[in-house]
Number of protein chains: 2
Amino acid sequence: MSPRAGLDRNKILQMAGELADAHGLDNLTLAGLAKALGIRSSSIYNHVEGLPELRHQLAVHALRQLYDRMLHAAAGRARDEAIHAIGRAYVEFAREHPGLYEAALRAPAPGQEELTRISEAIVKLLTDVLEPYGLAGDDAIHAVRALRSVLHGFASLEQKGGFGLPLDLDETFRRMLDIVIAGISRSSEHGPDQTSDGHDEGSHRRIRFS
Amino acid sequence: MSPRAGLDRNKILQMAGELADAHGLDNLTLAGLAKALGIRSSSIYNHVEGLPELRHQLAVHALRQLYDRMLHAAAGRARDEAIHAIGRAYVEFAREHPGLYEAALRAPAPGQEELTRISEAIVKLLTDVLEPYGLAGDDAIHAVRALRSVLHGFASLEQKGGFGLPLDLDETFRRMLDIVIAGISRSSEHGPDQTSDGHDEGSHRRIRFS
DNA sequence: TGACAAAAACTAATGATGTTAGTTATATTA
DNA sequence: TAATATAACTAACATCATTAGTTTTTGTCA
């Protein structure tokens with residue numbers, strides 16, 4: 001029946017992602033994955049080191065997709081519009097791929113550079129989008145953290161069924177983003193402008209891992 | 001050595017919580033728990049139905065503690081001060097008890113009334129604290145959702161080590177709360193006052209599971 | 001005080017899973 | 001076509017959750 005299934009790491013991650021989305025990341029097992037792929041579970045070790053490694057690879061796979069979606073959403077937009085588009089992309093990804101989102105946001109083991117790198121790219125994207133608001137130094141970092149907290153908090157609670165009432169969740173999300181945007185604008189208006197000087201294109205654009 | 005260890009459900013949950021805090025909820029096993037308690041793992045079934053039930057009980061245990069902390073923090077305070085106190089209590093609990101917090105926030109299986117009840121109590125607490133801001137109907141629900149998103153998003157990201165920079169996290173958290181408070185105040189000032197009428201003590205105080 | 005009943009611990013066994021070691025079969029390529 | 005790399009396999013083991021049945025302890029009541 002299957003003396004060579006023709007699998008590779010990508011097909012395995014693909015199927016693993018589908019299973020995680022369908023049944024939850026916690027229910028993703030090598031045994032179940034192997035069955036879905038039509039092979040024996042020990043054969044998976046030809047492509048992936050083991051279950052922890054599979055979950056790590058899945059996290060990278062997922063975070064990359066999430067970043068891509070945010071990046072595309074931000075293309076050609078600026079300011080409030082860009083933030084809303086990124087936010088929409090974020091929650092849509094979490095809704096469509098609950099298992100992948102869960103994998104992406106699980107605590108990364110120390111020394112997983114790949115995940116760190118993508119995380120930093122996401123932070124840089126948010127930092128760039130916030131730049132027109134004229135935030136300086138620490139203010140920018142605080143703002144990016146706030147944005148990330150709101151995105152993850154909402155997506156995570158929604159995924160867990162934490163919001164019980166039928167009231168429109170998209171409306172909640174839009175308002176929440178508007179609140180954060182208003183707060184950011186306010187703080188950039190009369191806060192002390194500590195560090196930035198208008199045309200330092202090089203240094204103030206360095207990646208910040210908020 | 002131990003023909004009667006003198007255990008009960010509470011002592012078991014206590015130890016389970018300590019293990020979860022120390023090694024992560026995912027690494028909490030019946031085998032490890034039994035070893036820590038000095039009994040055989042099958043003996044745990046005299047007190048708890050099995051691993052899923054243990055995790056559920058732990059979630060209830062944890063959410064109850066979290067609620068208590070929030071409640072005590074809110075006592076004797078109002079408005080901004082109350083919100084900051086509740087927020088502080090929330091993140092402190094997540095920091096001190098990462099395993100318990102994780103357990104409390106895991107997706108509840110359908111039909112787990114106990115968890116739902118405590119969740120509703122938390123929502124009611126937040127609703128009450130937001131009441132002085134004069135939010136009406138849907139506005140109040142959106143506001144509570146925003147607050148919960150911020151609390152959980154921040155606590156969760158911090159727990160996962162999602163914030164890389166050394167910049168003071170407490171400062172970030174304070175600012176974030178101020179932003180949300182400002183947004184809530186703003187929306188209550190000129191938003192359409194749809195439903196509430198000043199002295200309907202009964203109906204507008206009913207529990208809302210936001 | 002002493003027997004009985006409830007329950008808390010135990011032993012033993014089973015099935016699922018992750019993992020490793022060693023084997024076979026297939027595809028690629030020299 | 002022969003040789004090599006590799007993708008799959010079988011077999012085996014450790015760990016874990018779980019169930020069934022047994023022993024032991026504790027508390028209660030005659």
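Atoms considered below: every heavy atom in the structure, side chains included; atoms not considered: hydrogens, waters and symmetry mates. Numbers restart at 1 for each chain; the letters A, B, ... are given by sequence-line order, proteins then strands.
Looking at A:D139 and A:Y133, their side chains never bring a donor and an acceptor atom within 3.5 Å of each other. Remark: the A:D178 side chain and the A:H84 side chain contain an N/O donor-acceptor pair separated by less than 3.5 Å. For the residue pair A:Y67 and A:H72, no side-chain donor N or O sits within less than 3.5 Å of a side-chain acceptor on the partner.
Spacing between atom CG of A:L33 and atom P of C:dG18 amounts to 9 Å, rounded to whole angstrom units. Here the C1' atom of nucleotide C:dT17 and the CG atom of A:L30 are 8 Å apart, to the nearest Å. Atom-to-atom, CG of A:N27 to P of C:dA16 comes out at 16 Å; the value is rounded to the nearest Å. As rounded to whole Å, 12 Å separates atom C1' of D:dA14 from atom NZ of B:K35. Rounded to an integer number of Å, the gap from A:E53 CD to C:dT20 P is 12 Å. A:Y45 places its OH atom 16 Å from the C1' atom of D:dA7, with the value rounded to the nearest Å. The CD atom of B:E49 sits 14 Å away from the P atom of C:dA8 (whole-angstrom rounding). Atom pair B:D26:CG and D:dA17:P shows a separation of 13 Å (rounding to whole Å applied).
Distances were taken from every side-chain heavy atom of A:I39 (C-beta onward) to each of C:dC10, D:dA17, D:dA8; the shortest belongs to D:dA8. Among the nucleotides C:dA9, D:dA17, C:dT20, the one closest to the side chain of B:L7 is C:dA9. Nearest to the side-chain atoms of A:T29 among the listed nucleotides C:dT19, D:dT10, C:dG18 stands C:dG18. Comparing C:dT19, C:dC10, D:dC9 by their closest approach to the side chain of A:S41 singles out C:dT19. In the set D:dC9, D:dT18, C:dT17, the nucleotide with an atom closest to the side chain of A:R40 is D:dC9. Checking D:dA11, C:dT17, D:dA17 against the side-chain heavy atoms of A:A31 singles out C:dT17 as nearest.
For B:N46 and C:dA7, a side-chain-to-base donor-acceptor distance below 3.5 Å is absent, hydrogens and geometry of angles not being considered.
Put simply, B:H47 has no side-chain N or O that comes within less than 4.0 Å of OP1 or OP2 on C:dA7.
When heavy atoms are screened at a 4.0 angstrom cut-off, B:S43 is found touching base atoms of the nucleic acid.
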I would like to know whether A:I141 and A:T127 meet side chain to side chain contact (heavy atoms under 4.5 Å, CB included); could you show each step before the answer? CA-CA 8 Å; A:I141 298 176; A:T127 306; over 6 Å; no
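Side-chain contact between B:M15 and B:L7: absent, with no pair of heavy atoms (C-beta onward) separated by less than 4.5 Å.
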